[in-house]
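Before any comments, here is the structure.
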Amino acid sequence: MQVPPLSPPPRLLLGPGPSMVEPRVYEAMRLPIVSHVDPYFFEVAEDIRRMLGMVFGTESHFTMVISGTGSAGMETAVTNFAGADTRFAVFANGYFCDRITDIARRQGAAVVRFEKPWGETFSDAEAREFILRERPEVVAYVQAETSTGAWQDGKAICEAAHEVGALVIADCVTSLGGMPVKMDETGIDIAYSCSQKCLSCPPGLAPISLSPRALEVLRAREAPVRSFYFDLKLLDDYYEGAHRYHHTAPVSMFYALREALAVAVEEGLERRYERHRLNHLALVAGLEAMGLSMHVQNPAHRLWTLNTPRLPEGVDDAKIRKRLIEEHGIEILGGFGPLAGRILRIGLMGASSTCENVLTLLTALEAALKAEGYRPPASGASAAEQVYARAAAV
Ligand SMILES: Cc1ncc(COP(=O)(O)O)c(C=O)c1O
């Protein structure tokens, strides 16, 4: 039997993830594997731990990766810290907060939610009031909500949570590597993320980090975690302690993430964040020039990594996306849940966040909008170019 070779279509990935993979990462995945208990593998895991600490913004030694996608990071964070009847508070303003709620409820936790419409954020005062009223044991929020494009600042949440003795879980899936997560400075106790967004690595690994406070709670825990695979004590023993076998870690993915992190730290994290910020600002200027308004209204609450313009009246997002993928090979996605048909989701993550990609996308989007009968009042690409010119002049 002859099986034809794989031939994935060329794509420019500008959706909510995965993002474009760094060439150096693909090269790393071709290297010969060693076993998951080889001393060389643990050297690679140690490199990852060290560089992850830098992107998470933490001094915590308890920083590792879970073998699985971002949802595995979420499941690990929740299952290790929430059990039957744990008072578990969720700041709910998008899809991924709902997924956290679902996982916590499956563990039997007593979940209380502070709900807001998708895309809105929580002020310091209202976050504090909610936590002091509910006095939870665990608080969860999504720092970068991929379903809406909103950034949630966590400082007030963490301060209030610590006042009542609660731990804070933060979903950093769409921020890690593209925006400063500042885990220690913010006071986050459990942060998790994924490999395939702002780190520009294929999907398959979920970075996670625990503060000393979270580690103390984990170590004091007597009842076994209701998941073998995501049990952080067992994983710690595998990666750090006795290197006792726990599961067969995906070695090639570890090589890939190690290289993706090397690319990020070699670029310089501050420069990397500034690149994401500038490309986001240029894209927003272009979208607004074309008459599209941003769903997240306060610029300070917008993600630099995931942009959510509202669709003009009467324009069908499925038709726009079809044109972009079929005529230009560009992937972007639409909204879902309450935002279905109302927004586009445009990712500028990691290697995808470039000036060239911003201009290419704006030009292609303008053509698609025109083909669907919408008349943009001005050129998006020209407005974006002005942002780049102003940035170059300072
Ligand atoms: C904010 C957020 N949390 C969690 C996840 C789940 O990650 P994954 O799809 O890698 O399992 C995603 C995925 O897009 C996400 O955007």
Side-chain angles (χ1 to χ4, degrees), residues 13-21 52 55-56 65-79 90-104 106 116 118-122 139-154 157 168-179 181 183 188 190-209 227 229-230 250 253 256-257 260 276 295-296 301-308 331-340 343-350 352-353:
L13 298 173
L14 298 180
S19 62
M20 300 303 283
V21 170
L52 273 181
V55 282
F56 270 124
V65 284
I66 306 299
S67 302
T69 64
S71 306
M74 186 187 282
E75 195 114 20
T76 304
V78 176
T79 51
V90 179
F91 285 89
N93 57 351
Y95 173 76
F96 290 100
C97 324
D98 292 351
R99 187 177 289 189
I100 294 174
T101 303
D102 184 354
I103 295 174
R106 284 168 191 248
K116 286 225 168 181
W118 283 28
E120 289 187 18
T121 53
F122 301 91
V139 176
Y141 76 99
V142 177
Q143 183 179 63
E145 203 10 290
T146 327
S147 62
T148 67
W151 167 271
Q152 176 61 51
D153 189 62
I157 294 176
V168 179
I169 297 175
D171 180 315
C172 306
V173 166
T174 289
S175 45
L176 190 77
M179 296 178 76
V181 166
M183 178 175 169
I188 298 165
I190 303 117
Y192 62 84
S193 188
C194 72
S195 51
Q196 76 272 16
K197 296 190 196 269
C198 304
L199 294 175
S200 280
C201 183
L205 290 177
I208 189 164
S209 184
S227 162
Y229 197 64
F230 297 133
M253 279 306 302
L257 183 60
H276 281 80
H295 180 64
V296 179
H301 297 169
R302 290 179 191 153
L303 299 180
W304 304 339
T305 51
L306 198 272
N307 304 273
T308 49
E331 180 191 83
I332 65 166
L333 292 191
F336 62 104
L339 298 179
I343 59 166
L344 296 172
R345 291 187 300 144
I346 305 171
L348 292 175
M349 303 176 178
S352 293
S353 176

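As a basis for the values below, the full set of heavy atoms in this structure was taken, side chains included, without hydrogen atoms, waters or symmetry mates. When a ligand or atom number is given, it counts from 1 through the structure's own listing order.
For a threshold of 3.5 Å applied to N or O pairs, the pair formed by C194 and ligand 1 contains no separation below that value. The N/O atoms of T69, backbone and side chain alike, include one that comes under 3.5 Å of an N/O atom in ligand 1.
Within ligand 1, counting atoms from 1 as listed, the ones closer than 4.0 Å to a heavy atom of A144 are 1 (C). Residue contact check: T174 has heavy atoms under 4.0 Å from atoms 16 (O) of ligand 1. In summary, the atoms of ligand 1 found under 4.0 Å from a heavy atom of K197, numbered by their order in the structure, are 13 (C), 14 (O), 16 (O). Proximity to S71 (heavy-atom distance under 4.0 Å) selects the following atoms of ligand 1: 6 (C), 7 (O), 8 (P), 11 (O).
Between V142 and Q152, the closest heavy-atom pair is O-CB, 3.4 Å. Nearest heavy atom pair, residue M253 against residue C201, reads CE-SG, 4.1 Å.
When the options T121, T308, L339, L303 are evaluated for a side-chain contact (heavy atoms from CB on, under 4.5 Å) with T148, the one that passes is L339.
Looking only at protein heavy atoms, the nearest one to atom 16 (O) of ligand 1 is T146 OG1, 2.3 Å. Among all non-hydrogen protein atoms, the one lying nearest atom 2 (C) of ligand 1 is F96 CG, 3.4 Å. Looking only at protein heavy atoms, the nearest one to atom 3 (N) of ligand 1 is D171 OD2, 2.6 Å.
The CD1 atom of I188 lies 5.0 Å from the SG atom of C172; values are rounded to the nearest 0.5 Å. From M179, atom CE reaches atom CE of M349 across 11.0 Å, with rounding to the nearest 0.5 Å.
Using a 4.0 Å cut-off between heavy atoms, P203 makes no contact with ligand 1 at all.
At a 4.0 Å cut-off, not a single heavy atom of G68 sits close enough to ligand 1 to count as contact. Contact annotation: E145 has no heavy atom less than 4.0 Å from any atom of ligand 1.
Using modelled atom types, one side-chain atom of S200 and one backbone atom of M20 make a donor-acceptor pair closer than 3.5 Å. A donor-acceptor distance shorter than 3.5 angstrom exists from the side chain of E145 to the backbone of F96, with no hydrogens or angles considered.
Between T146 and K197, some side-chain heavy-atom pair lies under the 4.5 Å cut-off.
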